[in-house]
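Predicted model, so just to flag it, every value in this text is computed and none were measured.
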Amino acid sequence: MKVLMKANKDGNIKKMTAKEFKGMIEKEMDRFEEVRENEEESDEKVQKKLEEKIDGLSKQIRANTEVIHGIEDLLNDMIDEEDKENELMRVRSLPSSSVAS
């Protein structure tokens, strides 16, 4: 039977058989795989949250754009109305002989 040596966290040397060593390696590999799977799940959750946030922001941008277009239309209507009033005032202020010509 082969005896292997392993240093533990405290720096002490521990003797173990090849079977124990293999078990230790398999345990570490399982733990590593579990950590990797958890990281992948976390990455997927983060990705999903980011996509949801981007979707929400896109909707807000579209809504704000519609509001801006509505405000532009309202301002243009107000400007047109002001222009009509100014033209009417200008025509009224002209002498009656100028209007006829």
Are side-chain heavy atoms of E85 and E81 found at a separation under 4.5 Å? yes
Chi angles and distances behind the salt bridge (Lys or Arg N to Asp or Glu O under 4.0 Å) call for K49, E52: CA-CA 5 Å; K49 283 183 180 181; E52 289 172 357; over 6 Å; no
For the pair E51 and K48, find out whether any cationic side-chain nitrogen is under 4.0 Å from an anionic carboxylate oxygen. no
Quick one: CE on M29 to CZ on R36, what's the gap to the nearest 0.5 Å? 9.5 Å
Working to the nearest 0.5 angstrom, can you tell me the gap between D30 CG and K27 NZ? 10.0 Å
Would you say I79 and L74 are hydrophobically clustered, going by side-chain heavy atoms of ILVMFWY under 4.5 Å? no
Nearest 0.5 Å, please: how far is CZ in F21 from CD in E26? 11.0 Å
Salt bridge (Lys or Arg N to Asp or Glu O under 4.0 Å) between E41 and K45, worked out: CA-CA 6 Å; E41 288 175 11; K45 288 178 183 176; 5.2 Å; no
Salt bridge (Lys or Arg N to Asp or Glu O under 4.0 Å) between R31 and E34, worked out: CA-CA 5 Å; R31 190 180 67 76; E34 185 179 319; over 6 Å; no
Using a strict cut-off of less than 4.0 Å between a Lys/Arg side-chain nitrogen and an Asp/Glu carboxylate oxygen, indicate whether K59 and D55 qualify as a salt bridge. yes
Identify every side-chain donor-acceptor pair in residues 60-71 under 3.5 Å, counting partners at least two apart or on other chains, and give the distances.
from: N64; atom 1: ND2; to: Q60; atom 2: O; distance (Å): 3.4
from: T65; atom 1: OG1; to: I61; atom 2: O; distance (Å): 2.7
from: H69; atom 1: ND1; to: E72; atom 2: OE1; distance (Å): 3.3

Could you please spell out the steps behind the salt bridge (Lys or Arg N to Asp or Glu O under 4.0 Å) verdict for E87 and R90? CA-CA 5 Å; E87 182 64 22; R90 188 186 67 76; 2.7 Å; yes
State the CE-CG distance between M89 and L94, to the nearest 0.5 angstrom. 11.5 Å
